[in-house]
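Have a look at the structure below, then the notes.
We name chains A, B, ... by the order of the sequence lines, and we start the count at 1 in each one.
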Number of protein chains: 2
Amino acid sequence: MNRCYGMTNQQAVLDLLDIVEYGGCAEPQQFFALMRRTFDIAHLLYLEAESTPEGLKVCRLHHTFGAYAEELYLSRGLHRIDPILRLALGGVRPVEWATARRRFPECEPLFQAAEDIGLSTEGVALPLPSPAGRMALLAISANMPPAEWSEYRRCHLRDFQLAANLFHASMLEQSMADAIDERDTRLTGRETEVLTWSAAGKSYWEIATILGISERTVRFFMSNARRKLNVVSNTQAVAQAVRHALIPNI
Amino acid sequence: MNRCYGMTNQQAVLDLLDIVEYGGCAEPQQFFALMRRTFDIAHLLYLEAESTPEGLKVCRLHHTFGAYAEELYLSRGLHRIDPILRLALGGVRPVEWATARRRFPECEPLFQAAEDIGLSTEGVALPLPSPAGRMALLAISANMPPAEWSEYRRCHLRDFQLAANLFHASMLEQSMADAIDERDTRLTGRETEVLTWSAAGKSYWEIATILGISERTVRFFMSNARRKLNVVSNTQAVAQAVRHALIPNI
DNA sequence: AACTAAACTGTCACTACCGACAGTTACATG
DNA sequence: CATGTAACTGTCGGTAGTGACAGTTTAGTT
């Protein structure tokens, strides 16, 4: 019981949370080291991803595993653990590895492979969504028997969750600072207008009439909007625009 | 110090977190009552919103304030506190009310009004994003002097954060269960699939290949979707589908 | 048995969209 | 002056989307 509630341990936890919250902890390895000094955990993995029709596209990956384990992880097929990633990345609720292991038998070879190289298969994945729809997670593993992990997790999930959120916030804020520099992605007024009318079901000819410009210009603005949104069709452009509240409802 | 670290208090907190995590706590008032029994807090407010170019649109609002305070809150203008809501809804990091109060002087009249009717102005707002881009927050207030609140918050932010996340997960899961029922009465599975792929930028031919059907069938499903959504183009159909969360983000 | 809904498919004529080639003016900034 | 951004425009060849005509099979319900 002292393990969970001991005063020194609690003080260390609160100190860690202060550092992550106020110390601007946007360096993954620094954060991982801090977490491993404070908690009895083995490894951490932070991953940001986008979901595409071809499967998950990893945008950012930081972890404490060595290169060998990463190579093994990827060569054995990220798709193997895809259902678990999708579950964690598609929701909000923490995903317990052992629960997912039982639920998705197709992932068993990957868990076996991890055990073969001495990695623990007890852990939890914490979904970290963001307002812009970007998906991320922090996975934490520990070298403990199942019953001990279950109790440890119960005591510290709140610590993991807040630390993960604050770290994720720092990462997002850094990403946003970087992204602000990319001004080419902002739609002009005219581009927004043609997107809005297209979303309302109007053809180019109709939009041209409404706005008092040529159809050719409508197409020019639309083409610009597609390029800036990095999409291949107007339909996709409108989907993105609505998702990111770039256009009003009319 | 016992206030933070006392064994009974910690046990009550972990019990609460168990209930929220495993008890399927999707009733807001039940959740609020549980939180108020466990923590020394005054009020809670859970809000889901969409950001539109015309301002914030509140989708869901639950709170422990009486009807009079809600009326006062809304009549005094949600737009007054809009910068704080936007900050909380547009990010991931917890927003301290006192910090926001200093940062946004235009909100001062609203804080004054709250004090006039005896509501505390010490609190924190916890952003609760979701993978589908829906924004929410849980605000927690306490009747304490600033220095006491600061210390209490430091001890319990992790508890608030995890409890909020788990409650938010329950709310989302219930929303998704409802949305699935509603969707079943309108678009069929295949219609939703072709819409989703179209929104992802795929042409009919590409969608046909992906789904292993003919292009003709893709067009048939698409035509059905347009008719059911009462729209005249695929672009408009996708805009409506995204707005009403009829299709997932892929 | 008859009906409905869902999933699946072909052909035709027409239109709307698309990239690629080309251009303009006005304004702001270095 | 040169450069970048925003708004504006024409022509051409090709393709993706659209409605309209037609059909099939299967499963569930009355």
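If you take CD of A:Glu191 and P of D:dC8, they are 11 Å apart, rounded to a whole angstrom. Separating the CZ atom of B:Phe220 from the C1' atom of D:dG19 is a distance of 14 Å, rounded to the nearest angstrom. In this entry the distance linking CE of B:Met222 with C1' of D:dG19 reads 15 Å, nearest Å. Rounded to whole Å, atom P of C:dT25 lies 20 Å from atom CZ of A:Arg190. Per the geometry, CD1 belonging to A:Ile213 stands 16 Å off C1' belonging to C:dT25, to the nearest Å. Atoms CG (B:Leu187) and P (C:dA6) sit 10 Å apart, rounded to a whole Å. B:Arg216 has its CZ atom 10 Å from the P atom of C:dT9, to the nearest Å. Regarding A:Tyr204, its OH atom lies at a distance of 16 Å from the C1' atom of D:dC8, rounded to whole Å.
When each of B:Ile207, B:Leu229, B:Leu246 is paired with B:Leu195, the side-chain contact (heavy atoms from CB on, under 4.5 Å) condition holds for B:Leu229 and for no other.
Each of D:dT9, C:dC17, C:dC12 was ranked by its minimum atom distance to the side chain of B:Arg219; first place goes to C:dC12. Across C:dA16, C:dG19, D:dG19, the shortest atom-to-atom separation from the side chain of A:Arg226 is found for C:dG19. Here D:dT18 is the nucleotide among D:dG19, C:dG19, D:dT18 with the atom lying nearest to any side-chain atom of B:Ser233.
Backbone-only contact: A:Thr188 has heavy atoms under 4.0 Å from sugar-phosphate atoms and none from a base.
Residue B:Ser214 is the one, among A:Asn234 and B:Ser214, whose nearest nucleotide of DNA chain C lies closer to the 5' end (criterion: closest heavy atom).
Counting heavy atoms from C-beta outward, B:Leu126 and B:His168 have side chains that stay 4.5 Å or more apart.
For the residue pair B:Ser170/A:Arg93, the side-chain donor-acceptor check at 3.5 Å is satisfied.
The aromatic rings of B:Tyr46 and B:His62 lie parallel to each other, their planes meeting at an angle below 30°, with 60° marking the opposite boundary.
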